[in-house]
Amino acid sequence: MRTKRLIPWALCAAVVLPTGAFADVSFDIKGIDGELEKNVAIYLAAIPASDRRLTFRFQSRVKDEVEKAMQALGYFAPVIKYSIEDEKAKDDATVVLDITPGEPVRIKQVDIQLTGDALHDKAFAKLLATAPKVGDVLNQGQYDSLKSAIQSLAVRRGYFDADYTLSRLEVAPGLNEAFIRLYFNSGMRYHFGDVYYHNSQINEDRLNTMLTFKEGDPYLVSDLGAFNQALSNTGWFSSVLVEAGVDDLRDGRVPISVNLEPAARNQFETGIGYSTDTGPRVKIGWKKPWFNSRGHSLNTDLYISKPKQTLESTYKIPLEDVQREYYQVQVGLENLDNNDTQSLEWTSSISRHWKFDTGWQRAVYVRWLYSDYTQGNVSDISNLVLPGVNFSRVRSRGGAMPSWGDKQSITFEAGDPALLSDISIFRVVGQTAWIRSLNDNNRFFTRLNAGGIFTSDFERVPPSLRFFAGGDNSIRGYSYESISPLDSSGQLEGGAYLTTGTLEYNYRLTGNWWGAVFTDAGDAWTSSTPEWKTSVGVGIRWESPVGPIRFDIAHGFENTSDDFMIHFSLGPEL
């Protein structure tokens, strides 16, 4: 009779005890380290807080989770000692798990068999070289990853009939042995078939020049991705989807379907910004991403700020290799009123562009520059025809504020009366910039700009070709383009030569916020020896969704008008 009366009391205790359980239960894992400890912690973290009650049921679940975590890494006979610290605390408790892992299960046999065309595919041989080896401690994650990787590789390389005839992981815990058996029949490898375009407003011969494969080539999904990206990069389409017709396989070929949506024929954009160099600025753009079925395009931009107003139109003509080669025709008008410079310029140019696999770009051009200007105490009209060539490359990794990147650019141009220019002139301008990082929190930026003008009629060189230094992207601590030689009346006249450089260190403060310290130096000069201007400063960087925003306070050591200057700007560093 007493035995029967004890059963309800025991049940009541089981119900009542959890109500007095701890609100926060944490774990202290002992006896194991490395991947074992990490995996056990991951499994335990998956237990919801609402289930963390100090009951026998919770204890059983903890041990089950630990065993599953250990088995995943090849330990099938762990000894788990469970105890509780601070059991009488009101708010939290710590469950101490003292784990003895025991002997691991090791792989006794790896039996992987390929049949079909994949047997002679080097990509599969390379993948299987990474398979677990006999004698390794069993890691079930590695087995699952290998199994999935074989299937994924088959799909990416065109083995659309592939399947496993046997896939099994056998474990004998009593013997501490495991056996891997994977029998994979790839079947035949399919090749690219015909390409079908749907809803394209651009001639197919234009699109075919961007194909990254030929009909009959072995199928590779990466080739489809590259073709998809190439079409997207043209700007001709609002959406691009290149896919293999795996439901229409025939004769060992897979047809390719290209589904396109034309971009809006007219696109408008506006932008408002501010920098200490130019003050408030407004940009209005009108773009026709496809002017005709040959893929020509037209861009027109109006830029307005207090010192400068520009209107420029660019007409682009892609050639046979659409992505790499094109002609560009530009016309523009610029009005400038800044410091001691007033000018109204008309310009037009035609250029031929090449892009190379190395990342370098080359442009050969001829431009006409008509300038009606007053620089200092000199007023003149200059008419120049300038053939030139530019080489450039920009590389970066890491988003709006790259963790790694560099930029190189150099331009040579010349004019001569024999080529319809008012004066004989040779001009060279170069720039290099580098971004490197030690880790996620330490970043370095350096930049060097240099240029030179070689002419016997410097007074007739338009202000836009002369060199001025100072400002946000030059020598901070000095106002915009305030550094140059002075004429006889003490006004800026611009330099024939330029050298400026920057050294900057960035440290991540928190999230997307960075602190900066920097030094800038340089000068713009003509005939005399340069008088180097230097500055130091500190700043804040914010990696905003629209690009890095920079706020700097700088002191120019040779700046007699201002002790400190504030610089604010938005835009890419490279």
Side-chain angles (χ1 to χ4, degrees), residues 301 303 307-317 326-354 361-392 409-431 449-469 481 484-488 491-500 524-528 530:
D301 291 311
Y303 174 90
K308 182 189 294 185
Q309 304 84 45
T310 64
L311 178 64
E312 182 178 80
S313 288
T314 303
Y315 191 82
K316 183 178 178 181
I317 306 170
Y326 58 92
Y327 280 105
Q328 197 163 267
V329 179
Q330 289 182 311
V331 294
L333 171 65
E334 176 183 284
N335 180 63
L336 177 66
D337 186 355
N338 180 57
N339 293 333
D340 300 325
T341 305
Q342 292 183 332
S343 69
L344 179 65
E345 291 190 344
W346 293 87
T347 182
S348 65
S349 68
I350 181 169
S351 54
R352 172 74 154 84
H353 296 256
W354 295 262
Q361 300 185 39
R362 180 180 68 203
V364 176
Y365 63 88
V366 176
R367 67 167 174 151
W368 167 68
L369 176 63
Y370 177 88
S371 181
D372 184 351
Y373 66 90
T374 297
Q375 181 64 57
N377 59 8
V378 175
S379 297
D380 203 349
I381 294 176
S382 180
N383 188 64
L384 301 176
V385 177
L386 301 169
V389 59
N390 169 262
F391 300 91
S392 63
S409 175
I410 189 165
T411 301
F412 304 94
E413 57 185 5
D416 192 85
L419 299 174
L420 305 179
S421 288
D422 289 345
I423 60 174
S424 178
I425 183 175
F426 177 75
R427 186 172 184 266
V428 57
V429 180
Q431 180 188 53
N449 293 343
I453 300 171
F454 305 91
T455 180
S456 58
D457 296 301
F458 184 76
E459 287 191 352
R460 303 199 64 191
V461 175
S464 62
L465 299 184
R466 303 185 189 189
F467 296 113
F468 300 84
E481 295 191 346
S484 95
L486 304 179
D487 60 20
S488 58
Q491 300 184 77
L492 302 174
E493 66 174 0
Y497 309 102
L498 172 77
T499 300
T500 64
W525 73 98
T526 303
S527 57
S528 60

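These numbers come from a predicted model, not from an experiment.
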**Study point:** CH2-CG distance between Trp346 and Leu311, expressed to the nearest 0.5 angstrom
**Key:** 8.5 Å
Exercise for review: May I ask you to decide if Glu481's main-chain N or O and Asn339's side chain share a donor-acceptor pair within less than 3.5 Å?
Suggested key: yes
Practice item. Using modelled atom types only, decide if a donor and an acceptor are shared between the side chain of Asn383 and the backbone of Asp422 within a distance under 3.5 Å. Key: no
Exercise for review: Determine yes or no for a side-chain-to-main-chain donor-acceptor pair under 3.5 angstrom, with Asp372 supplying the side chain and Ser343 the backbone.
Suggested key: no
Review point. How are the rings of Tyr326 and His353 set relative to one another: parallel (under 30°), tilted (30 to 60°) or perpendicular (over 60°)?
Key: parallel
**Study point:** Heavy-atom side-chain contact between Ile381 and Tyr370 under 4.5 Å
**Key:** yes
Exercise for review: Kindly give the heavy-atom pair with the smallest separation between Arg427 and Phe467, and that separation in Å.
Suggested key: NH2-CE2, 3.7 Å
**Study point:** Flag side-chain contact, heavy atom, 4.5 Å: Tyr315 against Val331
**Key:** no
**Study point:** Ile425 side, atom CD1; Ser456 side, atom OG - distance, nearest 0.5 Å
**Key:** 10.0 Å
Check your understanding: How many angstroms lie between atom CG of Leu344 and atom CG of Leu333, to the nearest 0.5 angstrom?
Key -> 5.5 Å
Practice item. Mark yes or no for whether Asn377, through its side chain, and Asp487, through its backbone, hold a donor-acceptor pair below 3.5 Å. Key: no
Check your understanding: Considering all heavy atoms of both residues, which atom of Ser379 and which atom of Thr374 are nearest to each other, and what is their separation?
Key -> OG-OG1, 2.8 Å
Review point. Between Glu334 and Ser464, do the side chains contain an N or O donor and an N or O acceptor separated by less than 3.5 Å?
Key: no
Exercise for review: Run the numbers on Val429 and Asn449 for side-chain contact (heavy atoms from CB on, under 4.5 Å), then give the verdict.
Suggested key: CA-CA 8 Å; Val429 180; Asn449 293 343; over 6 Å; no
Practice item. State whether the number of non-hydrogen atoms from other residues, nucleotides or ligands found under 6.0 Å of Trp354 atom CH2 is greater than 12. Key: yes
Point to revise | Ser424 versus Pro417, closest heavy-atom pair with distance | key: N-CD, 3.8 Å
Point to revise | Interatomic distance, Glu493 atom CD to Leu486 atom CG [nearest 0.5 angstrom] | key: 7.5 Å
Exercise for review: Please assess Phe458 against Ile423 for the test side-chain contact (heavy atoms from CB on, under 4.5 Å), listing each intermediate value before the final yes or no.
Suggested key: CA-CA 9 Å; Phe458 184 76; Ile423 60 174; over 6 Å; no
Check your understanding: For Asn335, which of Gln309, Gln342, Lys308, Glu345 qualifies under side chain to side chain donor-acceptor pair (under 3.5 Å)?
Key -> Gln309
Check your understanding: What is the minimum heavy-atom distance between Leu384 and Pro462, and which atoms define it?
Key -> CD1-CD, 3.8 Å
Point to revise | Donor-acceptor under 3.5 Å (Ser484 side chain, Gly495 main chain) | key: no
Check your understanding: Under 4.5 Å between any side-chain heavy atoms of Tyr327 and Tyr365, yes or no?
Key -> no
Review point. Any donor and acceptor pair, going by atom type alone, linking the side chain of Gln375 with main-chain N or O of Leu492 inside 3.5 Å?
Key: yes
Review point. Given Arg367 and Gln330, is the side-chain contact (heavy atoms from CB on, under 4.5 Å) satisfied, shown in steps?
Key: CA-CA 9 Å; Arg367 67 167 174 151; Gln330 289 182 311; over 6 Å; no
Study note, to complete from the structure: What one should report as the nearest heavy-atom pair of Tyr497 and Thr526 is CE1-O, 2.9 Å
Revision key, fill the gap. Of all heavy-atom pairs linking Tyr373 and Pro463, the shortest is CG-CD, 3.4 Å
Practice item. Using only heavy-atom distances, determine whether the side chains of Tyr303 and Glu312 contain a donor-acceptor pair under 3.5 Å. Key: no
Practice item. With rounding to the nearest 0.5 Å, note down the distance linking CG in Asp380 to CD in Glu459. Key: 8.5 Å
Exercise for review: Could you tell me the separation between the CD1 atom of Ile317 and the CZ atom of Arg352, rounded to the nearest 0.5 Å?
Suggested key: 11.0 Å
**Study point:** Verdict with reasoning, Ser421 to Val385, per side-chain contact (heavy atoms from CB on, under 4.5 Å)
**Key:** CA-CA 5 Å; Ser421 288; Val385 177; 4.0 Å; yes
Exercise for review: Quickly, which of Val366, Leu419, Leu465 forms a side-chain contact (heavy atoms from CB on, under 4.5 Å) with Leu386? Name it, please.
Suggested key: Leu465
Check your understanding: Is a side-chain donor or acceptor of Ser382 paired with a backbone partner of Arg460 at a separation under 3.5 angstrom?
Key -> yes
**Study point:** Test item: Thr347 side-chain N/O and Trp368 main-chain N/O as donor-acceptor pair under 3.5 Å
**Key:** yes
